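So the structure is just underneath, and the comments pick up after that.
Only a predicted model underlies this, so the values are computations on that prediction, with no experimental measurement involved. Chain letters run A, B, ... following the sequence lines, proteins first, then strands; residues in each count from 1. All heavy atoms count here, side chains included; hydrogens, waters and symmetry mates do not.
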Amino acid sequence: MSSVSSTVVTRFAPSPTGFLHIGGARTALFNWLYARKHGGKFYLRIEDTDRARSTDAAIDAIMDGMAWLGLDHDGEAISQFARADRHREVAEVLLAAGNAYHCYASSAELQVSRDAARIAGKSFKGDLWRDRDPGDAPDGVSPTVRIKMPRQGSTTIYDQVQGDVTVNNDTLDDMILLRSDGTPTYMLSVVVDDHDMGVTHIIRGDDHLNNAFRQNQIYQLMGWDAPAMAHIPLIHGPDGKKLSKRHGALGVEAYRDMGYLPDAMRNYLLRLGWSHGDDEIICTKQALEWFNLENIGRGPARFDFAKLDSINSHYMNEASADQLIHLILPQLEQLAGHKISANELEKLHASLPSLRERAKKLPELRDSAFIFCDVRPIEPTDKAANQLNGDIPSMLAKLAEGLALVKSWKGDDIKGVISAFCTEENLKMGKVMQPLRAALTGGRPSGDLMEIMEILGLDECLARVDDVTSIT
RNA sequence: GGUCCCUUCGUCUAGUGGUCUAGGACGCUGCCCUUUCACGGCGGAAACACGGGUUCGAGUCCCGUAGGGAUCACCA
């Protein structure tokens, strides 16, 4: 308990060059889950060593995204750039020990070497100055610092997801540790920060698997213990290709705007690449209990909106009416063009339980809730308009007369009036109910018509019927 | 091209050598319910990439082929 080494420490380390995309969100979720499950620490580290590409707006977007998903991190977000001195210090140690060296090669020379390696079918090693006499250094060129990779043997890393992965050391390149302006590169910074922060488990995208071997060398050279690794497969678009903006590589805030609930998002993301037998609906509390690294899948997963929708509808049914109303209220007011009154709010509350059953996403709920606001006249959909043709309006007008006389405005009594009317007019129930629904709801998905009428109230119902009967 | 990773229904996946004539979920679809739209209930179609091994026995282990992906920056 008290031993530092036994405490799990994970981190999410995005580069602030854009929003928090879906793959990053899942990586963050896994790290968060793993740390929280073990009562450990979960840190957020902003990898902003590339000053030109890092923006504060991106940092905000990432933090907002995580907050929305409910992934809280311990302590303040750490800026990698702020720790540059420390990174440089480690490079100096490596340099002093002869494990790193100055490289004076120009980018043109490097490019030639890279092309040559590719043509020869070999790996680029970037070691043009590895064995050259520093005395040959050209004047006026500030060198980069490169690590001296081993050329013999092989390195095997046990990855918690992929298993043992082995690479021949002679395919590793002498990567740059310090740029010619003296600033540290990501490859150096991650290792130093992960070590200094006491990170015990690195859970990150598959795209870093190759880097693990390069970074591993720094741990070796510095005599540090390397954290456990877990490289999770990337998320692909529905077409199996890399995610693009067209199909899912959106910021998490885009999902929020589309009307998905954070709980649903977490559940979906969790199941995308991780499983617990046949379980599909896994709340966060349960996930905290079950999550592990062993059950992370090894193949890339495709993003599927249909399934997300289905999970979202499940969580919409579990959310409280207050919560749901709170979420749709701003848009509802915008649609209605007025501030929602206490009276409308009451109707909204009354209708919500049945409305949310048929809504998969917030916008659908908002649209169906809309008819409970004071928004006469209701604009009918094309389909609904077709049900209000011919002599239908006069039929409805006649029905309205009967409704006005109902003894109490309760579902059963209303139904009684309607069925009596049907018998009297020798009409089938459906022939009356369908147009009535069209008149009252404009044809929007709603629910039990009697319930709707009861909630709407007699006056509103008559007014809406009047709206469609007086037009013709 | 080099290196590394991956490969079960359309999709997410269960499956850790025999109980797999392969299970669940989403989607699709048939029927039922029904006052529209939905919801719900009960069914259905639908997969072990291919080829060799190993084994009494392979979706499960090994090799190869094919396909997919990642990576090869003074980006992260």
Side-chain angles (χ1 to χ4, degrees), chain A residues 13-17 47-50 52-54 80 103 105 107 110-111 114 117-126 142-146 159 161-163 165-168 171-173 175-181 183 185-187 189-190 205-214 231 233-234 236 238 240-242 268 271-281 295 297-311 313 317 354-355 357-360 364 368 381 383-384 387 415 418 428-438 441 443-450:
Chain A
S15 60
T17 52
E47 313 239 271
D48 52 357
T49 52
D50 182 352
R53 301 202 309 161
S54 300
Q80 188 160 66
C103 170
S107 54
L110 256 11
Q111 192 54 48
R114 245 192 301 272
R118 181 180 265 260
I119 289 168
K122 295 189 173 158
S123 335
F124 166 69
K125 297 198 188 58
S142 8
T144 57
V145 171
R146 286 180 183 272
D159 188 275
V161 173
Q162 313 290 349
V165 183
T166 302
V167 149
N168 281 327
T171 65
L172 268 20
D173 69 317
M175 68 205 180
I176 292 178
L177 265 18
L178 253 32
R179 303 185 182 97
S180 52
D181 64 1
T183 58
T185 60
Y186 157 83
M187 217 54 79
S189 300
V190 241
D206 216 343
D207 50 338
H208 283 291
L209 187 53
N210 291 295
N211 288 337
F213 291 90
R214 310 212 275 166
H231 288 91
L234 269 18
H236 287 175
K241 298 232 174 71
K242 196 175 170 178
Y268 178 71
R271 274 297 281 107
L272 199 59
W274 179 84
S275 61
H276 183 271
D278 284 339
D279 295 303
E280 296 288 346
I281 297 297
N295 291 319
R298 293 189 295 171
R302 299 186 190 198
F303 194 89
D304 181 15
F305 277 103
K307 185 136 185 187
L308 209 209
D309 282 2
S310 142
I311 290 179
S313 91
N317 281 311
S354 58
L355 288 188
E357 267 180 29
R358 68 211 82 225
K360 285 191 186 320
E364 295 161 21
S368 59
T381 61
K383 202 174 162 191
Q387 291 173 331
K415 189 163 193 172
I418 294 176
K428 280 188 182 168
M429 215 44 175
K431 289 287 177 208
V432 177
M433 300 288 261
Q434 281 192 32
L436 181 58
R437 178 182 292 274
T441 71
R444 287 164 188 77
S446 26
D448 180 70
L449 192 52
M450 296 313 135

Can you check the distance between B:U60 and B:C48, where both ends of the measurement are the C1' atom (answer in whole Å)? 10 Å
Hey, does the side chain of A:T166 come within less than 4.0 Å of B:C4's phosphate (OP1/OP2), counting only N and O? no
Which nucleotide wins on minimum distance to the side chain of A:R53, given the candidates B:C72, B:C26, B:C75? B:C75
Just checking A:S180: base, sugar-phosphate only, or nothing, at a heavy-atom cut-off of under 4.0 Å? base
Under 4.0 Å, heavy atoms only, any strand: does A:L234 hit a base, just the sugar-phosphate, or nothing? sugar-phosphate
Check whether any side-chain N or O of A:R271 sits under 4.0 Å from OP1 or OP2 of B:U13, and answer yes or no. no
Please examine the side chains of A:E280 and A:K307, heavy atoms only from C-beta on, and report whether any two atoms are closer than 4.5 Å. yes
Considering every strand and a 4.0 Å limit on heavy-atom distances, what is the contact class for A:S368: base, sugar-phosphate, or nothing? nothing
Looking at every strand, decide which applies to A:M175 at a 4.0 Å heavy-atom threshold: base, sugar-phosphate, or nothing. nothing
Tell me if the centroids of the rings in A:F305 and A:Y268 come within less than 6.0 Å of each other. no
With a 3.5 Å cut-off and just heavy-atom distances, do the side chain of A:S15 and the base of B:C75 make a donor-acceptor pair? no
Taking atom types as they are modelled, would you say the side chain of A:R437 forms a donor-acceptor pair with the base of B:U35 within the 3.5 Å cutoff? yes
In this structure, how many angstroms lie between the C1' atom of B:A38 and the CE atom of A:M433, rounded? 15 Å
Spacing of the C1' atoms in B:C4 and B:U29 (rounded, Å): 42 Å
Whole-Å distance, A:D278 CG to B:U8 C1', equals 14 Å
Out of B:A76, B:C74, B:G2, which has the shortest distance to the side chain of A:T144? B:C74
Give me the distance, rounded to whole Å, that separates B:A73 from B:U16 when you measure between the C1' atoms they each carry. 41 Å
Before you tell me yes or no, could you show the steps for A:R437 and A:Q434 under side chain to side chain donor-acceptor pair (under 3.5 Å), namely the whole-Å CA-CA distance, both residues' side-chain angles and the distance that decides it to 0.1 Å? CA-CA 5 Å; A:R437 178 182 292 274; A:Q434 281 192 32; over 6 Å; no
Side chain of A:R146 (C-beta onward), nearest among B:C4, B:C74, B:A76: B:C74
Might you point out which heavy atoms bring A:P16 and A:D48 nearest each other, and give the distance in Å? CG-CB, 3.9 Å
Please report, rounded to the nearest Å, how far the P atom of B:A76 is from the CG atom of A:D206. 20 Å
Tell me what A:E280 touches on the nucleic acid: a base, only sugar-phosphate, or nothing, going by heavy atoms under 4.0 Å. base
Round to the nearest Å and state the distance from A:D279 atom CG to B:G15 atom P. 11 Å
If you take atom types as modelled and just measure distance, does the side chain of A:R358 reach the base of B:C39 with a donor-acceptor pair under 3.5 Å? no
To the nearest Å, give me how far apart CZ (A:R214) and P (B:U71) are. 12 Å
With a non-hydrogen cut-off below 4.0 angstrom, is A:G205 in contact with a base, only sugar-phosphate, or nothing? nothing
For B:A14, does either OP1 or OP2 sit under 4.0 Å from a side-chain N or O belonging to A:S275? yes
Picking from B:C74, B:A76, B:C12, the nucleotide nearest the side-chain atoms of A:I176 would be B:C74
Nearest-nucleotide 5' precedence on RNA chain B, A:T441 against A:V161: A:V161
Separation of the P atoms in B:G24 and B:G43, to the nearest angstrom: 11 Å
Can you tell me how far C1' of B:G27 sits from CD1 of A:I311, to the nearest Å? 13 Å
Contact class for A:S310 vs. all strands (heavy atom < 4.0 Å): base, sugar-phosphate, or nothing? sugar-phosphate
Under 4.0 Å, counting only non-hydrogen atoms across every strand here, what does A:N211 touch: a base, just sugar-phosphate, or nothing? base
Over all heavy atoms of both residues, which pair between A:E357 and A:N317 is shortest? Give the atoms and the distance, please. CA-OD1, 3.4 Å
From the options B:C72, B:G27, B:C12, select the nucleotide whose nearest atom is closest to the side chain of A:K307. B:C12
Side-chain contact check for A:A306: nearest option of B:C6, B:G27, B:G2 is B:G27
Would you mind reporting whether A:V190 and A:N211 have side-chain heavy atoms less than 4.5 Å apart? no
Is a donor from one side chain sitting under 3.5 angstrom from an acceptor on the other, for A:T183 and A:R179? yes
Using the C1' atom on both, measure B:C9 against B:G15 and round to a whole Å. 14 Å
If you look at every strand shown and take non-hydrogen atoms under 4.0 Å, does A:H208 touch a base, only sugar-phosphate, or nothing? base
Separation of B:A73 P from A:L178 CG (nearest whole Å): 19 Å
Classify the side chain of A:D48 versus the base of B:A76 as yes if they form a donor-acceptor pair under 3.5 Å and no if they do not. no
Would you indicate what A:D159 reaches in the nucleic acid, counting non-hydrogen atoms under 4.0 angstrom: base, sugar-phosphate, or nothing? nothing
Applying ring-ring contact (aromatic ring centres under 6.0 Å, His included), can you list everything that pairs with A:Y186, at least two apart in sequence or on another chain? A:H208
Can you tell which of B:U11, B:C74, B:C5 lies closest to the side chain of A:R302? B:U11
Picking from B:C4, B:U35, B:G24, the nucleotide nearest the side-chain atoms of A:L449 would be B:U35
Answer with base, sugar-phosphate or nothing: what part of the nucleic acid does A:A105 contact at a heavy-atom distance below 4.0 Å? base
Out of B:C74, B:U3, B:C26, minimum distance to the side chain of A:V167 belongs to B:U3
Between P of B:G27 and CG of A:L308, the distance in whole Å: 12 Å
A:P300 side chain: which of B:C74, B:C6, B:A76 is closest? B:C6
Please report the distance separating the P of B:A46 from the corresponding atom of B:C32, rounded so that it comes out in whole Å. 23 Å
